[in-house]
Asks: 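Structure in structure tokens, see below.
Quick note on labels: first sequence line is chain A, next is B, and so on, each numbered from 1.
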There are 2 protein chains.
Amino acid sequence: MNNPSLYKGILRPIVIRLLEENKKMYGFEITREVKSLTAGRVKITEGALYPLLHSLEAEGVLESEQQFVDNRMRKYYKLTPRGKKVSEHSFGEITEFITHLQNIFNLKPA
Amino acid sequence: MNNPSLYKGILRPIVIRLLEENKKMYGFEITREVKSLTAGRVKITEGALYPLLHSLEAEGVLESEQQFVDNRMRKYYKLTPRGKKVSEHSFGEITEFITHLQNIFNLKPA
DNA sequence: TTGCCATACCTAAGATTCTTATGTATATTT
DNA sequence: AAATATACATAAGAATCTTAGGTATGGCAA
């Protein structure tokens, strides 16, 4: 992506949001989805994603389930009930975050 | 602020943008301005700000000038000519960043 | 007049979050 | 046969911040 450091701190809410909208996803799918939603400009690295998924599961925000498709392992993640609450809160923070950015950068839509 | 880690990586473009719009500012003023632009929600810590200002100056993006007001030192910063080019580029990155967030979080303004 | 808050600068240690590099394995395409 | 895509994973190090301190001046309230 253009400037990776802009996205520092934003990966966690992205993952939570995608799982809220798509019910269940596996890691590799998340990286593809983000690429697709940003015209190939935002590339989530696996070195960031997989440890994050593990810690979200450890926190009880996500739960996982393994499946085999075409003889390849997939680890599907979905939000737990607690994760759904976290998701609502996280979404509120993000909308506020974007509003703040628009204020600071004088980008308020007319 | 609500979730500080969201703002990781965003401080540098904020400082550059404010200096582009305000011609010259001192550190403490920057923290107040950001607070004011975000209804008190975003608080830049001095431990992040001052080292950043120093490194931006070392990079040749900013230049500084000291003044005494009411017997208190102020260090005013402004963009160098090179800083102005950096500012344009940085602004482009931020607008793209916000667009990507709106895509990912499904927040496109109607 | 003493203590507290605001202004105004600064640094250092540590936490958090990422990148980069590497590893394993299977399936498909060239 | 080799490269590319899929799909998981970890570890070392870089980048960016928070937290916690420090120095100093000025104004206000107890």
Asks: Measuring from the side chain of A/Pro4 (C-beta onward, heavy atoms only), which nucleotide among C/dT19, D/dG26, C/dC9 has the closest atom?
Replies: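 The answer is C/dT19, which lies nearest to the side chain.
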Asks: Rounded off to whole Å, could you give me the CE-to-C1' distance for the B/Met73 and D/dG26 pair?
Replies: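 My rounded result for the distance is 16 Å.
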Asks: Look at all strands and tell whether B/Glu46 reaches a base, only sugar-phosphate, or nothing, counting heavy atoms closer than 4.0 Å.
Replies: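 Result for B/Glu46 = base.
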Asks: If the threshold is 4.0 Å, N to carboxylate O, is there a salt bridge linking A/Glu93 and A/Arg12?
Replies: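 Judged by the 4.0 Å cut-off on N to carboxylate O distance, A/Glu93 and A/Arg12 do not form a salt bridge.
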Asks: Nearest whole angstrom, please: distance from the P of C/dT17 to the CG of B/Leu11.
Replies: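 From B/Leu11 CG to C/dT17 P: 17 Å.
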Asks: Taking the side chain of A/Thr45 as heavy atoms from C-beta outward, which of C/dT26, C/dT20, D/dA9 is closest to it?
Replies: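 The listed nucleotide nearest to A/Thr45's side chain is C/dT20.
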Asks: Looking at B/Gly83, is its backbone amide N or carbonyl O close enough to the side chain of B/Ser87 to form a donor-acceptor pair, meaning the two atoms are under 3.5 Å apart?
Replies: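 No: the side chain of B/Ser87 does not pair with the backbone of B/Gly83.
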Asks: Check every atom of C/dT26, C/dA6, C/dT17 against the side chain of B/Arg72 and return the nucleotide holding the closest atom.
Replies: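 Nearest to the side chain of B/Arg72 among the choices is C/dA6.
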Asks: Between B/Leu49 (CG) and D/dT18 (P), how many Å, whole number?
Replies: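 After rounding, the reported distance stands at 11 Å.
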Asks: In whole angstrom, give the distance that lies between atom CG of A/Leu52 and atom C1' of D/dA9.
Replies: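 To the nearest whole Å, that distance equals 14 Å.
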Asks: Using whole Å, report how far CE of A/Met25 lies from C1' of D/dT6.
Replies: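 In whole Å, D/dT6 C1' lies 15 Å from A/Met25 CE.
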Asks: If you check the A/Ala48 side chain, which of C/dC10, C/dC18, C/dT11 turns out closest?
Replies: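 For the A/Ala48 side chain, the nearest candidate turns out to be C/dC18.
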Asks: Is atom NZ of A/Lys75 surrounded by more than 12 heavy atoms (other residues, nucleotides or ligands) closer than 6.0 Å?
Replies: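 More than 12 heavy atoms, drawn from other residues, nucleotides or ligands, come within 6.0 Å of this atom.
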Asks: Could you go through B/Val42 and B/Lys35, starting from their C-alpha distance and side-chain angles, then the distance that decides it, and tell me whether this counts as side-chain contact (heavy atoms from CB on, under 4.5 Å)?
Replies: CA-CA 5 Å; B/Val42 179; B/Lys35 227 188 292 181; over 6 Å; no
Asks: Pick the closest DNA chain C nucleotide for B/Phe28 and for A/Ser5 by heavy atoms, then say which residue is nearer the 5' end.
Replies: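 Here B/Phe28 is the residue nearer the 5' end.
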Asks: Does A/Arg74 or B/Arg12 map to a spot on DNA chain D nearer the 5' end, using the closest nucleotide for each?
Replies: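 Per heavy-atom nearest nucleotide, the more 5' residue is A/Arg74.
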Asks: May I ask you to decide whether B/Arg17 forms a salt bridge with B/Glu21, counting only side-chain N to carboxylate O separations under 4.0 Å?
Replies: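 Between B/Glu21 and B/Arg17 there is a salt bridge, with a charged N closer than 4.0 Å to a carboxylate O.
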Asks: Rounded to the Å, how far apart are A/Leu56 CG and C/dT16 P?
Replies: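 Between P of C/dT16 and CG of A/Leu56: 15 Å.
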Asks: Would you indicate what A/Ile10 reaches in the nucleic acid, counting non-hydrogen atoms under 4.0 angstrom: base, sugar-phosphate, or nothing?
Replies: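 A/Ile10: backbone/sugar contact only, no base atoms under 4.0 Å.
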Asks: Between C/dA8, D/dT16, D/dG26, which nucleotide has the shortest distance from any of its atoms to the side chain of B/Lys8?
Replies: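 The answer is D/dT16, which lies nearest to the side chain.
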Asks: Does D/dC8 have its OP1 or OP2 closer than 4.0 Å to a side-chain nitrogen or oxygen of A/Tyr50?
Replies: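 Yes, A/Tyr50 has a side-chain N/O under 4.0 Å of OP1/OP2 on D/dC8.
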Asks: Counting only side-chain nitrogens and oxygens, does B/His54 get under 4.0 Å of the OP1 or OP2 atom of C/dT11?
Replies: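 B/His54 to C/dT11 OP1/OP2: side-chain N or O found under 4.0 Å.
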Asks: Whole angstroms only, please: what is the CD1-P distance between A/Ile44 and D/dT6?
Replies: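 The distance from CD1 of A/Ile44 to P of D/dT6 comes to 15 Å, rounded to the nearest Å.
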Asks: Could you tell me the separation between the CD atom of B/Gln66 and the P atom of D/dT25, rounded to a whole number of Å?
Replies: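 Taking atom P of D/dT25 as the reference, CD of B/Gln66 is at 15 Å.
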Asks: At under 4.0 Å, does any side-chain N or O of A/Tyr26 touch on OP1 or OP2 of D/dC8?
Replies: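 Checking A/Tyr26 against D/dC8: no side-chain N or O falls below 4.0 Å of OP1 or OP2.
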Asks: For D/dT18 and B/Lys43 - does any side-chain N or O of the residue sit under 4.0 Å from the phosphate oxygens OP1/OP2?
Replies: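 Checking D/dT18 against B/Lys43, no side-chain N or O comes under 4.0 Å of OP1 or OP2.
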Asks: Of the nucleotides D/dT6, C/dC9, D/dC8, which one has an atom closest to the side chain of A/Arg32?
Replies: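 Of the candidates, D/dT6 comes closest.
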Asks: Where the side chain of A/Glu57 meets the backbone of A/Ser64, is there a donor-acceptor pair that is under 3.5 Å apart?
Replies: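 Judged by distance alone, yes, a pair lies under 3.5 Å.
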Asks: Mind checking A/Gly47 for me? I need base, sugar-phosphate or nothing, with any heavy atom below 4.0 Å counting as a touch.
Replies: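 Base, at least one base heavy atom under 4.0 Å.
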